[in-house]
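For clarity, every value in this text was computed on a predicted model and none was experimentally measured.
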Amino acid sequence: MKKTFPWSRRQALTIAAALAACTLGGAHAQGAWPGTQPIKLVVPFTAGSGTDIVARLVAEKLGPALGTSVIVDNRPGAGGTLGAAIAAKAPADGYTLLVHSAGHLVNPWIYKGLSYDTLKDFTGVTPMASLPNVLVTSPSHFTDVKDLVAKAKAKPGGLNYGSAGNGSATHMNAEVFRLAAGVDAQHVPFRGTPEAMTEVMAGRVDWFFAPMVSALPLIKSGKLKALAVGTAGRSSALPDAPTTVEAGVPGSAYLFWVGLFAPTKTPQPVVERLQAEVAKIMVSPELKERLEKLGAEPFTMPSAQFNKFIADETAKAQQVVKAAAIKVD
């Protein structure tokens with residue numbers, strides 16, 4: 001009796017060849033990332049901002065590490081939400097990433113109707129650097145922090161303070177300080193850090209918690225006066241500047257950090273490769289030295305740990321937003 005088979009020999013060979021091709025093709029696709037295709041880092045703030053400076057330092061080294069080019073794409077506006085929306089809608093293929101600051105975790109609480117969900121539409125790859133904010137004024141405005149607080153209390157609502165946008169890390173630092181000091185002043189949001197610093201130098205804005213990386217050259221040139229740093233500890237870049245806590249405002253410390261995010265469905269191997277390469281870059285002697293000169297420090301952690309950190313910091317941000325009644329002007 002003649003035996004029968006569900007497939008003919010030709011069909012079996014065809015199916016086997018197709019399976020082999022799929023296997024090889026899948027392995028090739030996985031191994032090809034990123035290949036020669038450029039990677040884009042969306043920075044939702046202006047060029048020259050603290051977030052932008054860190055992104056460019058990393059992009060310079062990340063490209064050679066991955067064997068491709070890494071470009072920075074500045075998309076400022078609306079406290080970083082415009083650029084974040086662009087990154088959230090990008091294909092989750094590892095070619096479009098987001099470099100954002102701690103302000104990324106504030107935006108859900110102050111911007112209504114966002115086209116993306118901060119926690120659901122992004123996965124944290126790794127934080128990259130912590131950047132002290134420095135409380136700056138024009139050289140002739142205040143003698144020290146106590147003088148600023150005294151003048152603000154003597155004239156409730158009469159002084160103003162700048163930020164790089166509603167809910168930005170510079171704004172949050174200012175609100176944490178203002179609440180701790182018990183002063184009333186007017187908030188003036190700007191498009192970005194450079195614009196805010198320009199107005200402070202001109203004396204039209206009374207004070208600003210500027211990212212150290214952006215403000216340090218202007219402080220050293222005498223165009224801005226540093227009253228204190230906003231972090232819990234002093235900065236090696238400005239060792240003589242006290243912290244705001246040391247200057248007499250307990251409870252005013254704030255951590256400003258910059259991190260790397262990817263669309264949430266980005267393949268885990270891609271996320272892990274990015275995290276590993278960025279971590280190596282941040283702790284390299286060359287970059288550590290460059291960051292130190294800017295008053296910044298390397299700050300990295302595994303992706304899973306970063307996502308837990310993001311969830312915790314988002315809850316803290318909500319508390320500050322509520323206490324300071326932060327909203328979009």
Side-chain angles (χ1 to χ4, degrees), residues 50 79 101-103 105-106 109-110 129-138 141-189 193 196-197 200 205-216 219 224-258 295-297 299 309 312-326:
S101 70
L105 312 185
V106 181
W109 310 118
I110 64 172
S130 61
L131 299 83
N133 280 328
V134 55
L135 175 56
V136 296
T137 69
S138 68
H141 249 50
F142 307 103
T143 56
D144 54 24
V145 172
K146 288 183 179 180
D147 182 41
L148 184 157
V149 172
K151 288 179 178 176
K153 287 185 174 181
K155 194 177 181 181
L159 300 185
N160 60 36
Y161 56 99
S163 79
N166 290 293
S168 66
T170 59
H171 184 198
M172 291 292 283
N173 201 155
E175 293 296 357
V176 170
F177 170 80
R178 186 183 66 77
L179 290 169
V183 300
D184 179 21
Q186 297 296 316
H187 173 225
V188 183
T193 290
M197 291 194 299
V200 173
V205 169
D206 294 310
W207 77 83
F208 174 48
F209 274 90
M212 182 76 77
V213 293
S214 304
L216 195 57
I219 293 170
L224 286 174
K225 182 176 182 177
L227 299 184
V229 293
T231 45
R234 293 198 180 199
S235 168
S236 59
L238 286 175
D240 295 331
T243 67
T244 53
V245 173
E246 290 174 332
V249 186
S252 59
Y254 178 79
L255 176 64
F256 175 28
W257 51 267
V258 171
E297 297 180 357
F299 178 39
F309 174 83
D312 293 342
E313 291 296 302
T314 300
K316 292 178 184 178
Q318 183 184 23
Q319 295 175 355
V320 175
V321 168
K322 184 177 180 180
I326 297 174

Just how far is it from atom OG1 of Thr193 to atom CG of Asn133, taken to the nearest 0.5 Å? 8.0 Å
Any sub-3.5 Å donor-acceptor pair from Thr170's side-chain atoms to Ala164's backbone N or O? yes
Identify the two heavy atoms, one from Ile326 and one from Gly167, that lie closest to each other, and give their separation to 0.1 Å. CG2-N, 4.4 Å
Rounded to the nearest 0.5 Å, how far apart are CD1 of Ile110 and CE of Met172? 8.5 Å
Non-hydrogen side-chain atoms of Val134 and Met212 separated by less than 4.5 Å: yes
Where is the tightest heavy-atom contact between Val245 and Pro250, given as atom of each residue plus distance? CG1-CA, 4.3 Å
Between the main-chain N or O of Phe142 and the side-chain N or O of Lys225, is there a donor-acceptor pair closer than 3.5 Å? yes
Rounding to 0.5 Å, atoms CG (Asp240) and CG (Leu238) come to a distance of 8.0 Å
Gap between atom CE of Met197 and atom CD1 of Ile219 - 0.5 Å precision: 9.0 Å
Minimum heavy-atom distance between Gly50 and Pro211, given as atom pair plus value: CA-CB, 4.1 Å
State the CZ-CH2 distance between Phe309 and Trp257, to the nearest 0.5 angstrom. 5.5 Å
Tell me, do Phe256 and Asn173 make a side-chain contact under 4.5 Å, heavy atoms counted? no
In terms of the angle between their ring planes, are His171 and His187 parallel, tilted or perpendicular, with boundaries placed at 30° and 60°? parallel
Closest non-hydrogen atom pair between Ser252 and Val249, with its separation: OG-O, 2.6 Å
Can you measure from OG (Ser163) to CD (Glu175) and round to the nearest 0.5 angstrom? 8.5 Å
Only residue of Thr244, Leu135, Thr243 satisfying side-chain contact (heavy atoms from CB on, under 4.5 Å) with Val229 is Thr243
I want to check something: taking the side chain as every heavy atom from C-beta on, are Trp109 and Thr314 in contact at a cut-off of under 4.5 Å? yes
Taking ring pair (Phe, Tyr, Trp, His ring centres under 6.0 Å) as the criterion, tell me which of Tyr254, Tyr161, Phe177 meets it with Phe209. Phe177
Salt bridge (Lys or Arg N to Asp or Glu O under 4.0 Å) involving Lys151 - partner list, sequence neighbours excluded: Asp147
Just jot down the side chain to side chain donor-acceptor pair (under 3.5 Å) partners of Ser214, sequence neighbours excluded, or say none. none
For the residue pair Pro132 and Thr231, what are the closest heavy atoms and their distance? CA-CG2, 3.7 Å
Pro242 side chain near Arg234 side chain, heavy-atom distance below 4.5 Å: yes
Please report the closest heavy-atom contact between Leu216 and Gly295, naming both atoms and the distance. CD2-N, 4.4 Å
All side chain to side chain donor-acceptor pair (under 3.5 Å) counterparts of Glu313, not counting sequence neighbours: Lys316
